[in-house]
Number of protein chains: 2
Amino acid sequence: MSHFPKPNATKKAKLSDVASLANVSASTVSRVLNQPDIVRPEIRERVQKAIDMLDYTPDRMAKALSSGRSHTIGTVVPTIGGSAIFSDGVEALQDELETLGYSLIVSSSRYDIEREFQQIKTLLDYGAAGLVLVGDTFSPDALRLIKKQGIPTVTTYTNKSRHGIPAIGIDNRAAGRELTRLLLKLGHKKFGIVANTALQNDRSQARLDGVREALAEAGVPLPLKNVVEVKLPTIENGRRGLAGLVELQTVPTAIVCTTDALALGAMSEARRKGLHIPDDLSVVGFDDIDVAAESDPALTTVKNPAAEIGRIAADYLNRAMNGQPIPLETELPASLTIRSSTAIAPAR
Amino acid sequence: MSHFPKPNATKKAKLSDVASLANVSASTVSRVLNQPDIVRPEIRERVQKAIDMLDYTPDRMAKALSSGRSHTIGTVVPTIGGSAIFSDGVEALQDELETLGYSLIVSSSRYDIEREFQQIKTLLDYGAAGLVLVGDTFSPDALRLIKKQGIPTVTTYTNKSRHGIPAIGIDNRAAGRELTRLLLKLGHKKFGIVANTALQNDRSQARLDGVREALAEAGVPLPLKNVVEVKLPTIENGRRGLAGLVELQTVPTAIVCTTDALALGAMSEARRKGLHIPDDLSVVGFDDIDVAAESDPALTTVKNPAAEIGRIAADYLNRAMNGQPIPLETELPASLTIRSSTAIAPAR
DNA sequence: CTGAAAGCGCTTACAG
DNA sequence: CTGAAAGCGCTTACAG
């Protein structure tokens with residue numbers, strides 16, 4: 001058994017300790033910390049020495065409280081774990097924020113808008129100086145709160161700004177079109193879709209819309225039954241989705257899944273059912289998570305540049321917090337990544 | 001272009017606003033917030049009404065500063081993104097902390113001990129009330145800092161407590177032995193290892209030790225050349241590792257990779273080289289990340305219960321912060337998960 | 001260029 | 001059961 005705090009715990013040195021050791025006022029210590037040029041070199045060095053001796057580091061909390069500006073940023077993503085793309089974005093976001101001098105509080109809403117609102121509220125209570133969200137669909141309460149506090153906020157994985165919140169991401173709809181056109185070009189006419197749109201997921205909805213658009217353009221019908229809507233973009237749901245599609249009267253030859261995880265599940269289930277990919281069935285996903293290239297066959301998908309999105313989000317927030325304007329919509333290229341899970345449609 | 005703060009931004013209500021609206025002192029408002037039973041029902045309701053009207057939520061920062069106890073926890077993991085197991089642990093950790101009333105600041109050290117130390121320092125400056133780390137190898141500076149501040153700290157993904165820091169995880173060494181014994185039982189005698197131990201990764205080192213132990217037990221030699229050490233546990237390094245092992249004079253029939261990502265890369269590369277898994281080559285990994293079950297063939301591995309680790313870490317921290325003792329070593333079961341990437345060794 | 005004083009938004013003994 | 005006052009560890013006008 002272990003106990004805290006340890007008996008040998010020492011209290012941290014504080015600014016006033018440095019001040020007395022250096023024989024200066026607190027104000028002066030604060031200055032050498034924040035605007036060293038302003039203080040006489042001689043004194044500056046003396047204070048610096050005291051800082052080093054005491055191993056002093058300022059309490060960011062007190063600093064934030066008194067200065068009115070904190071250096072913590074909050075983010076709410078649908079999920080942090082699993083095989084979703086967001087963890088890559090969070091990693092890049094944290095990384096970039098760290099170099100800019102910010103810390104990141106993360107929370108995952110589990111694709112729940114209400115929960116997202118609660119988490120935003122908590123982040124604000126924690127004094128977050130900026131917010132990084134996902135998508136363009138928010139609870140009215142959340143929007144009101146954000147507007148009310150006027151805290152710098154950006155949203156990610158979408159290029160559409162719906163509420164004045166700057167957006168950074170790919171054009172999901174265009175990506176859906178592109179992937180579909182590829183399949184059409186390969187001769188596919190019977191499509192099946194597995195889409196995690198049941199929980200009003202705006203990114204997947206846009207992707208689905210893009211698919212529909214491209215199909216309509218080409219005059220290829222998409223019966224209602226051929227679209228399986230699921231809640232969460234899990235591998236398991238990909239399995240289930242495919243299982244359903246394969247039992248249709250006319251079995252699709254092309255399966256579009258709105259995330260890679262769904263596609264991996266769909267491929268796995270297809271294999272289990274004795275279907276050969278891509279000869280019997282072409283499968284595509286979205287995002288290009290890092291395992292997408294390693295499945296067998298390797299998955300054809302559209303790359304969602306999560307790391308870049310994370311970095312840009314950090315930079316925009318930093319700029320906004322310095323009073324600089326930032327673009328309302330930043331569209332990143334979504335590169336079509338053709339691998340081995342797609343092929344010419346099988347002869348009927 | 002977008003600007004912050006919005007012109008219509010309103011300042012948050014504060015405790016004193018509630019106090020004047022309810023015609024009571026600040027102390028009283030504070031009490032209805034923190035120990036409602038102590039205050040007369042009549043007044044309590046009046047204050048509550050004022051709180052609701054103003055939509056007041058206390059500033060956690062000020063609260064932390066004045067009370068001396070914060071509700072933010074910090075974690076440093078080797079990586080948040082990619083196909084590592086940690087994001088699942090972070091998700092569960094955050095989840096559980098949220099229900100306990102804590103927020104989580106995360107940072108990723110990129111498997112760099114020095115960077116980890118800096119991040120711990122930052123977390124402490126941010127007033128973290130507790131720390132969740134990974135592994136049992138820390139920089140001396142980090143250890144000194146943790147001891148000095150006496151802040152509740154737990155470490156994860158290992159069952160060994162090396163510095164008095166409570167550990168929660170599987171017995172990686174035993175897991176390595178178990179996986180190896182499985183392969184030995186299948187008749188394998190020529191082993192190849194891909195281990196991310198180049199960066200003094202204690203978990204993978206323990207796994208490797210376990211492999212060595214089981215082989216020694218069985219009298220099966222493991223030539224130096226048959227162990228490829230890599231830095232990061234990436235899919236790409238798995239590829240490279242396998243490429244090297246396949247060029248040995250006597251090609252191994254069993255490949256042990258110290259993480260699933262490495263194993264996925266190894267399998268992918270083996271396929272590319274025309275080797276059939278598991279007929280020509282058995283491959284195993286560690287962790288059982290969620291895509292491990294979906295690769296073709298599905299990966300034989302050992303489950304690392306990341307979500308449970310995260311939850312327990314949260315609970316232990318919570319207990320420690322309430323002055324309760326917590327176990328120094330908590331070993332979680334690492335269940336062997338046999339799938340299709342392993343088979344009887346091919347006849348020589 | 002430096003210091004004394006007030007203040008950030010809370011909590012917490014201490015009186016009453 | 002309630003309030004006035006001091007304090008948490010900083011920053012920031014304001015004097016000097």
Side-chain angles (χ1 to χ4, degrees), chain A residues 10-48 50-51 54-72 101 122 124-129 149 151, chain B residues 10-48 50-51 54-72 101 122 124-129 149 151:
Chain A
T10 314
K11 52 259 156 275
K12 278 188 65 172
K14 45 197 190 186
L15 189 138
S16 63
D17 296 330
V18 176
S20 24
L21 182 61
N23 244 302
V24 295
S25 73
S27 323
T28 299
V29 177
S30 178
R31 283 189 201 101
V32 339
L33 251 26
N34 302 306
Q35 7 181 8
D37 315 327
I38 277 192
V39 41
R40 187 149 41 109
E42 186 188 324
I43 296 198
R44 194 196 311 156
E45 283 167 27
R46 180 147 45 98
V47 171
Q48 190 55 56
I51 288 175
L54 296 175
D55 208 20
Y56 169 76
T57 53
D59 179 321
R60 317 278 299 215
M61 235 146 172
K63 187 167 179 163
L65 184 58
S66 70
S67 70
R69 42 216 315 321
S70 93
H71 275 195
T72 104
T122 301
L124 261 19
D125 291 340
Y126 272 97
Q149 307 222 168
I151 176 181
Chain B
T10 313
K11 53 261 156 275
K12 278 187 65 172
K14 45 196 190 187
L15 189 138
S16 63
D17 295 330
V18 176
S20 25
L21 182 60
N23 244 301
V24 296
S25 73
S27 323
T28 299
V29 176
S30 178
R31 283 188 201 103
V32 339
L33 251 26
N34 302 307
Q35 7 182 9
D37 314 327
I38 278 190
V39 40
R40 187 149 41 109
E42 184 189 325
I43 296 197
R44 195 196 310 156
E45 282 166 30
R46 179 147 46 97
V47 171
Q48 191 55 55
I51 288 177
L54 296 175
D55 208 20
Y56 168 76
T57 53
D59 179 321
R60 317 277 300 214
M61 233 145 174
K63 187 168 181 163
L65 183 59
S66 70
S67 70
R69 45 222 303 327
S70 93
H71 275 194
T72 102
T122 301
L124 262 18
D125 292 339
Y126 272 97
Q149 307 224 169
I151 175 181

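Chain A is the first sequence line, chain B the second, and so forth, proteins listed ahead of strands; every chain is numbered from 1.
Every residue meeting the side chain to side chain contact (heavy atoms under 4.5 Å, CB included) condition with S25(B), not counting sequence neighbours, appears here in chain and number order: S27(B), T28(B). Residues passing the side chain to side chain donor-acceptor pair (under 3.5 Å) test with T72(A): none are found, sequence neighbours excluded. The side chain to side chain donor-acceptor pair (under 3.5 Å) check on Q48(B) picks up D52(B), with sequence neighbours excluded. Partners of Y56(A) by side chain to side chain donor-acceptor pair (under 3.5 Å), not counting sequence neighbours: none found. D125(B) is linked by a salt bridge (Lys or Arg N to Asp or Glu O under 4.0 Å) to K12(A), counting only residues two or more places apart in sequence or in another chain.
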Kindly list each side-chain donor-acceptor pair under 3.5 angstrom involving residues 31-40 of chain B, sequence neighbours excluded, with atom names and distances?
unit_1: N34(B); atom_1: OD1; unit_2: K63(B); atom_2: NZ; d: 3.1
unit_1: N34(B); atom_1: ND2; unit_2: S30(B); atom_2: O; d: 3.0
unit_1: N34(B); atom_1: ND2; unit_2: S30(B); atom_2: OG; d: 3.4

Indicate every side-chain donor-acceptor pair of residues 14-23 of chain B with a distance under 3.5 Å to a residue at least two apart or in another chain.
unit_1: D17(B); atom_1: OD2; unit_2: K14(B); atom_2: N; d: 2.9
unit_1: S20(B); atom_1: OG; unit_2: S16(B); atom_2: O; d: 2.8
unit_1: S20(B); atom_1: OG; unit_2: D17(B); atom_2: O; d: 3.3

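One interatomic measurement links the two molecules: CG of D59(A) to P of dC8(D), which rounds to 12 Å at whole-angstrom precision. Between the C1' atom of dT11(C) and the NE2 atom of H71(B) lies a distance of 13 Å, rounded to the nearest Å. Put simply, CG on L33(A) is 6 Å from P on dT11(D), counting in whole angstrom units. Rounded to whole angstrom, the span from the CG atom of L15(B) across to the P atom of dG3(D) amounts to 12 Å. In this structure, R44(A) places its CZ atom 9 Å from P of dC1(C), rounding to the nearest Å. The separation between Y126(B) atom OH and dC10(D) atom P is 14 Å, rounded to whole Å. Spacing between atom NZ of K12(B) and atom C1' of dC10(C) amounts to 12 Å, rounded to whole angstrom units. A straight line from CG of N23(B) to C1' of dC1(D) spans 17 Å, rounded to a whole angstrom.
With pairs defined as Watson-Crick or G-U wobble and both atom distances under 3.5 Å, the stems of at least three pairs that touch DNA chain C come out as C:1-3 with D:14-16, C:5-12 with D:5-12, C:14-16 with D:1-3.
Contact record, M61(A) with S70(B): CE-CB, 3.6 Å, taken as the closest heavy-atom pair.
Contact annotation: T28(A) reaches the phosphate of dG3(C) (side-chain N/O to OP1 or OP2, under 4.0 Å). Between Y56(A) and dC10(D), a side-chain N or O to OP1/OP2 separation shorter than 4.0 Å is present.
In this structure, S27(A) reaches the bases: a heavy-atom distance under 4.0 Å links it to at least one base atom across the strands shown.
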For nucleotides 14-16 of chain D, which of its nitrogen or oxygen atoms have a protein nitrogen or oxygen under 3.5 Å away, and what is each distance?
none

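With distances taken from any side-chain atom of S30(B) to the nucleotides dT12(C), dT2(C), dG9(D), the minimum falls on dT12(C).
A heavy atom closer than 4.0 Å to some atom of DNA chain D occurs in I38(B), V39(B), R40(B), I43(B), these being the qualifying members of residues 35-43 of chain B. Less than 4.0 Å separates DNA chain D from at least one heavy atom of each of the following residues of residues 62-69 of chain A: A62(A), K63(A), S66(A), S67(A).
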